[in-house]
Amino acid sequence: QTHKISGRASYQLSARTSFNAFLTYAQDKNDEMNLYQYDRDLLTPGLNLWTAPTDNFLFTLGWTYNKVTSNANMCIPIFDG
């Protein structure tokens, strides 16, 4: 069983600058397995700023936070490459 809510907003500050924000919340639970009670909450907010001060230069700045709360036993893989 999964519930997910997400929203996005954008605001154009000028012809060469825009600001974007987003937020996602999801909640997962198992419902019929009856072997292991699984719960997970996911919260992901973020902000982005885009600007192009000249025709030959653009700049993007972004921030995203990801918080996961779960009671599941897991192994986090480590990738190198």
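For this chain, numbers begin at 1 and follow the sequence in order. The analysis underlying the following values was restricted to heavy atoms, covering all of them including side chains, and did not include hydrogens, waters or symmetry mates.
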Side-chain touch Thr44/Thr64, heavy atoms, less than 4.5 angstrom: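 SC-SC contact between Thr44 and Thr64 confirmed.
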Mind checking side chain to side chain donor-acceptor pair (under 3.5 Å) for Thr51 and listing every partner two or more places apart, or none if nothing turns up?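 Residues passing side chain to side chain donor-acceptor pair (under 3.5 Å) with Thr51: Thr17.
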Residues that Thr2 engages under side chain to side chain donor-acceptor pair (under 3.5 Å), provided they are two or more places apart: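 Thr2 satisfies side chain to side chain donor-acceptor pair (under 3.5 Å) with Asp28 once adjacent residues are dropped.
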Measure across [X] and [Y] and return the closest heavy-atom pair with its distance rounded to 0.1 Å.
X     : Y     : result
Phe22 : Leu47 : CE2-N, 4.3 Å
Asn71 : Asp39 : OD1-N, 2.8 Å
Thr24 : Lys4  : CG2-CE, 3.7 Å

Quick check: is Phe19 connected to Tyr65 through a chain of hydrophobic side chains (ILVMFWY, heavy atoms under 4.5 Å apart)?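 The answer is yes; both residues are in one hydrophobic cluster.
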Has Arg40 got a side-chain atom pairing as donor or acceptor with Ser70's backbone, closer than 3.5 angstrom? no
Residue that, paired with Leu43, satisfies side-chain contact (heavy atoms from CB on, under 4.5 Å) out of Val68, Leu23, Thr69: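 So, applying the side-chain contact (heavy atoms from CB on, under 4.5 Å) to Leu43 and each of Val68, Leu23, Thr69, only Leu23 qualifies.
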